[in-house]
Amino acid sequence: ALPVALPSSRSEIFLGAMRFQQQAQRRAASVGTLGLLAIGVAWAACCILGSRPHQQAFTAPLTPASPVPAAGAAVAVSGSTVSWPALASRAAAGGSGSVLRGAVAMKAMKMDLTGKVAFIAGVADASGYGWAIAKELANAGATIVIGSWPPVLKIFKATLKKSATDEARRLDDGSLMEISKIYALDAMYDSPDDVPEDVKANKRYSGVGPFTISEVVAEVAKDFGKVDILVHSLANGPEVTKPLLETSRAGYLAASSASAYSLVSMVSNFAPIMNAGGSVVSLSYVAAEKTIPGYGGGMSSAKAQLESDTRTLAFEAGRKYGIRVNTISAGPLKSRAASAIGNDGGKTFIERAIDYSEANSPLTRPLLATDVGKAALCLLTDLMAGVTGITLYVDNGLHSMGMTLDSPAFADMD
């Protein structure tokens, strides 16, 4: 048996690799090629687990006849199990070095958010970008906490209990996403004093508990202590179907309040209970910088405000709290909320936006909620620890186009 020490730092990985090479050379005559390959895999597994703060012992019993584990098998390392991928067959052809390189690459991309608390605001069903972001964070091990609009809170909670939602909750490992707690949240209001009497008396708000931003932050702090990740996935424009020329002052300001200032208020209130190194992500739309017919009621202005505020908040919250603030300009998705906008000519606004996007984007593939979910995951983790104050486009490249390919001007072009 060849004892291998599990490294406690990256430097020990390289020193250990040198020791392993010396040991392997001494044993080459008796172990044989397959045995050496198995040792290489064992060391690769040690590299994968190399972030452990202490050393553990691993013993690989090897004989000249030691077989290489079959693809899909598992290798036990000091009580942990490392799955043996189909790399085994490639390793046999490329040598144990290819296994080691693959193991290092896997280690570099692994994201473990175990123990991190993520608050996602604006999730009310299992079809939108907020839900997709929550799933990606859950896949990485984060504790998921959600803030949902009070009028739909009871329906949302009831939906999650139905087996029909199981597939939408299913994570990469086959388990179902667990939501630690769902709070009522109406981001139009910062404190109880801001809530109008007619809203307080509204039966849809009855029995939901505290729902203003400051109240929810206090509840989250009491229940979870600190927060590491904050996601702003909400927007509302009561006059979104109206052209800007026909939008009232009240409708315009309501869109700005719900869709843009809500981010300012959430960062202002959550930042004091966020750990240094925490991250904030919001969702924007290309209407912030380009004219999108049908997206009215001041919503394009609200998205422009959101992107501008993102840059200012990145500076202020970065200096004061050490947290990052970014936004994602996401392409059109047929979520339940988006599907409620307009229906001229038998098509909703979002259906037309999707058709236009697929006809004119550099990438003609459908845009998926998971595309935005994975992009948000990167922004919310140390993979982008040095990135703040940006608008990241996740729209199949539509934002980069200056002319439309579905125009009659291009009809005779291949």
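Every value quoted in this text rests on a predicted model; they were computed, and no experiment measured them.
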Closest non-hydrogen atom pair, [X] against [Y]:
| X | Y | answer |
| --- | --- | --- |
| Glu239 | Ser248 | OE2-OG, 2.5 Å |
| Met266 | Ala121 | CE-CB, 3.5 Å |
| Thr247 | Gly251 | CG2-C, 4.2 Å |
| Ala375 | Leu392 | CB-CD2, 4.1 Å |
| Ala385 | Arg324 | O-CD, 3.2 Å |
| Ile350 | Pro332 | CD1-CB, 3.7 Å |

Rounded to the nearest 0.5 Å, what's the gap from [atom1] on [X] to [atom2] on [Y]? Could you check?
| X | Y | atom1 | atom2 | result |
| --- | --- | --- | --- | --- |
| Asn396 | Ser361 | CG | OG | 5.5 Å |
| Arg170 | Asp173 | CZ | CG | 10.0 Å |
| Ser259 | Leu283 | OG | CG | 11.5 Å |
| Tyr189 | Lys200 | OH | NZ | 10.5 Å |

Do the side chains of [Y] and [X] get nearer than 4.5 Å, heavy atoms only?
| X | Y | value |
| --- | --- | --- |
| Thr212 | Asp194 | no |
| Ser282 | Leu306 | yes |
| Lys157 | Leu160 | no |
| Phe119 | Leu185 | yes |
| Leu368 | Asp371 | yes |
| Pro366 | Glu358 | yes |
| Glu178 | Ile144 | no |
| Thr388 | Ile323 | no |

Between Lys347 and Asp355, is there a side-chain N and carboxylate O pair less than 4.0 Å apart? yes
Run Asp193 and Ser191 through side-chain hydrogen bond (donor to acceptor under 3.5 Å, both in side chains) and show every step you take. CA-CA 5 Å; Asp193 292 338; Ser191 69; 4.7 Å; no
Counting heavy atoms not belonging to [X], are there more than 12 under 6.0 Å from its [atom1]?
| X | atom1 | result |
| --- | --- | --- |
| Lys162 | NZ | no |
| Asp382 | CG | no |
| Arg365 | CZ | yes |

Scan the side chains in residues 267-278 for donor-acceptor partners under 3.5 Å anywhere in the protein, sequence neighbours excluded, and list what turns up.
unit_1: Asn269; atom_1: ND2; unit_2: Ser265; atom_2: O; d: 2.8
unit_1: Asn269; atom_1: ND2; unit_2: Ser265; atom_2: OG; d: 3.3
unit_1: Asn275; atom_1: ND2; unit_2: Asp228; atom_2: OD1; d: 2.8

Scan Tyr129, Tyr393, Tyr295 and name whichever one has a ring pair (Phe, Tyr, Trp, His ring centres under 6.0 Å) with Tyr285. Tyr295
Begin with the C-alpha distance, continue with both residues' side-chain angles, and end with the deciding distance and a verdict on side chain to side chain contact (heavy atoms under 4.5 Å, CB included) for Tyr252 and Lys242. CA-CA 10 Å; Tyr252 184 97; Lys242 290 184 178 181; over 6 Å; no
What do the steps show when you test His232 against Ser262 for side-chain hydrogen bond (donor to acceptor under 3.5 Å, both in side chains), and what is the final call? CA-CA 8 Å; His232 178 279; Ser262 56; 2.7 Å; yes
So Phe224 and Tyr183, would you call those rings parallel, tilted or perpendicular, with 30° and 60° as cut-offs? perpendicular
From the list Val145, Leu230, Asp223, Leu137, side-chain contact (heavy atoms from CB on, under 4.5 Å) with Val117 holds only for Val145
Is a side-chain donor-acceptor pair under 3.5 Å present for Glu307 with Thr327?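 Their side chains do not contain a donor-acceptor pair, so the 3.5 Å distance test is not met.
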